[in-house]
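Let me begin by presenting the structure, written as structure tokens, before commenting on it.
As the structure lists them, so they are numbered: ligands from 1, and atoms in each ligand from 1.
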Amino acid sequence: MLDGEQGEPVRQGMEIIVQLADFWEAPGLIPVRGVHMPGASVKTARRAGRKYIRWCADSGAWFVTTTTLNPGATDLTGIDVGVSQTTTDQQVEITESYKRMGAIECHTCTPYLVGNLPRFGEHVAWGESSAVVFSNSVLGARTNREGGPAALASALTGFTAGYGMHLKKNRMASIHVSIEYPLSDPSEFGAAGYCLAKQYPDALPVFTGLPEQCSMISMRALSAALASSGSISMFHAVGLTPEALTLEMATGNRKLEKLMIGEKELKETIAFLDRNDLSDVDSVFIGCPHMDFEEVMHLGKLLSGKKVSSNVALWLYAANSIWSSCERSGLNQVLRDSGAVLVSDTCPNITIFKEVIESKGFKSGATNSAKLAHYLPSWGLKTHFGSTEDCIEAAITGKWRV
Ligand code: F3S
């Protein structure tokens, strides 16, 4: 590959992988089972990335492993999410280039819900921080948090540099986090993760005290929050995640510093994230990370027979294949009847949110996602943070916790 026998894009991809391996002093290269591409949006690829991806496709490059795409800047089915025609055109160019190389056009941060599903112990090269944490922790697959160029290089060559989270010795817990409050709503899982990562941004936590029946929805919320206030790539949860059947297994029998997160810490974190001083709400965002069918069903139940306020945009986010399932099952009609909009291919954080705010006039938003509550204020939206029920209530009344 380095000799250029498989073409220039592959040669450049292998050069990136080899340089990464040298830099991190990796013992070798590792074949990967799949790639999840973070640089799939106009916002993340930028002009240089867009041109480079197109050049790879024009050169006849072809991905050699299952490759899924992270959210892009707009909904490609035509739902108006407020971005400009220029952004839409640039997004189509990026998506088309990836498709020509064999990528699955899914534009989601939940690749494991749409066919890119590694099994325990398999090596992958994934970008998108929430998916990386979910992969390492819940699936037990192994990945570093890849940037766009490295992920593209892995898709072209089928290899990654074998350092970091690919090595068992780096997957041991570094702090014991005891959850001393019965977490239930996904927003509480997000708040607990946010609370920890704010104090220990580079930790590898092992949790005890999480509910025995922890849903995938809660695990996704926890994964996303750990990677927003910090740069955590993996967690263990005793009895729940595959590398933590016992506390000793996760710690390697070492005694670790212990952090307790109880009701006080949780309430303080929720108050920190709920930074909006306006009581009126004009936009509500649910589906960060993107929802599975079960989560959309739950929202359908909450919204059935109700009407979203005419002053509020209630936008729900899921992968396009989940959108199709909701459409075919009639669930999407229930949402439409209520005034909610199920959006696919994008999310508020990976779109050009400045354009959305300008075209839609949003001033005061709400979400049940700790990750979005962390990022949306920096894109110019005052943001409330609370439970899923709080958010639906706000969408119906136009007020936050009336
Ligand atoms: Fe996914 Fe966007 Fe949230 S990529 S994790 S929905 S910020």
Side-chain angles (χ1 to χ4, degrees), residues 36-45 68-76 79 81 83 91 94-95 106-114 116 126-138 143 145-148 151 186-187 189-191 193-194 197 216-233 235 273 283-292 295-296 299 314-323 341-354 356 365-379 381 383 385 388 391:
H36 184 61
M37 199 69 76
S41 163
V42 173
K43 182 178 177 180
T44 48
T68 41
L69 302 178
N70 213 38
T74 193
D75 181 303
L76 295 169
I79 290 174
V81 292
V83 296
Q91 184 58 56
I94 290 171
T95 305
C106 53
H107 282 305
T108 180
C109 50
T110 54
Y112 40 90
L113 295 178
V114 300
N116 193 352
W126 282 14
E128 168 45 41
S129 56
S130 67
V132 166
V133 178
F134 193 92
S135 167
N136 278 319
S137 317
V138 182
T143 181
R145 189 198 293 204
E146 302 292 0
S187 61
F189 283 80
Y194 195 93
M216 291 287 249
I217 304 166
S218 305
M219 288 293 195
R220 284 201 302 276
L222 178 60
S223 299
L226 287 170
S228 48
S229 56
S231 54
I232 290 173
S233 295
F235 70 88
L273 286 166
S283 46
V284 176
F285 306 98
I286 298 178
C288 169
H290 280 180
M291 294 184 285
D292 58 19
E295 199 172 355
V296 189
L299 290 172
L314 171 57
W315 289 358
L316 318 172
Y317 297 86
N320 51 23
S321 57
I322 302 288
W323 188 96
V341 182
L342 185 59
V343 178
S344 57
D345 303 316
T346 186
C347 86
N349 194 33
I350 309 270
T351 185
I352 312 289
F353 203 67
K354 198 169 147 275
V356 178
T367 184
N368 64 347
S369 161
K371 181 173 179 178
L372 274 191
H374 175 80
Y375 284 112
L376 286 182
S378 57
W379 310 134
L381 188 77
T383 307
F385 171 70
T388 311
C391 290

Of all heavy-atom pairs linking G193 and S229, the shortest is O-OG, 4.3 Å
Give the C-alpha distance, both sets of side-chain angles, the deciding distance and a yes or no for side chain to side chain contact (heavy atoms under 4.5 Å, CB included) between L226 and F189. CA-CA 10 Å; L226 287 170; F189 283 80; over 6 Å; no
State whether C288 contributes an N/O/S atom found under 2.8 Å from atom 3 (Fe) of ligand 1. yes
Can you list the atoms of ligand 1 that are under 4.0 Å from a heavy atom of P71? 4 (S)
Pick whichever of A221, C109, S41 has a heavy atom sitting closest to atom 4 (S) of ligand 1. C109
Which ligand 1 atoms, with their elements, are less than 4.0 angstrom from a heavy-atom of C347? 2 (Fe), 4 (S), 6 (S), 7 (S)
Below 4.0 angstrom, N of the basic side chain to O of the carboxylate: do R220 and E128 qualify? no
Carefully, step by step, assess M291 and T110 under the rule side chain to side chain contact (heavy atoms under 4.5 Å, CB included). CA-CA 8 Å; M291 294 184 285; T110 54; over 6 Å; no
Suppose we only count N/O/S atoms under 2.8 Å; would H290 qualify as near atom 1 (Fe) of ligand 1? no
Which residues share a ring-ring contact (aromatic ring centres under 6.0 Å, His included) with F134, sequence neighbours left out: Y112
Looking only at protein heavy atoms, identify the closest one to atom 7 (S) of ligand 1 and say how far it is in Å. N349 CB, 3.4 Å
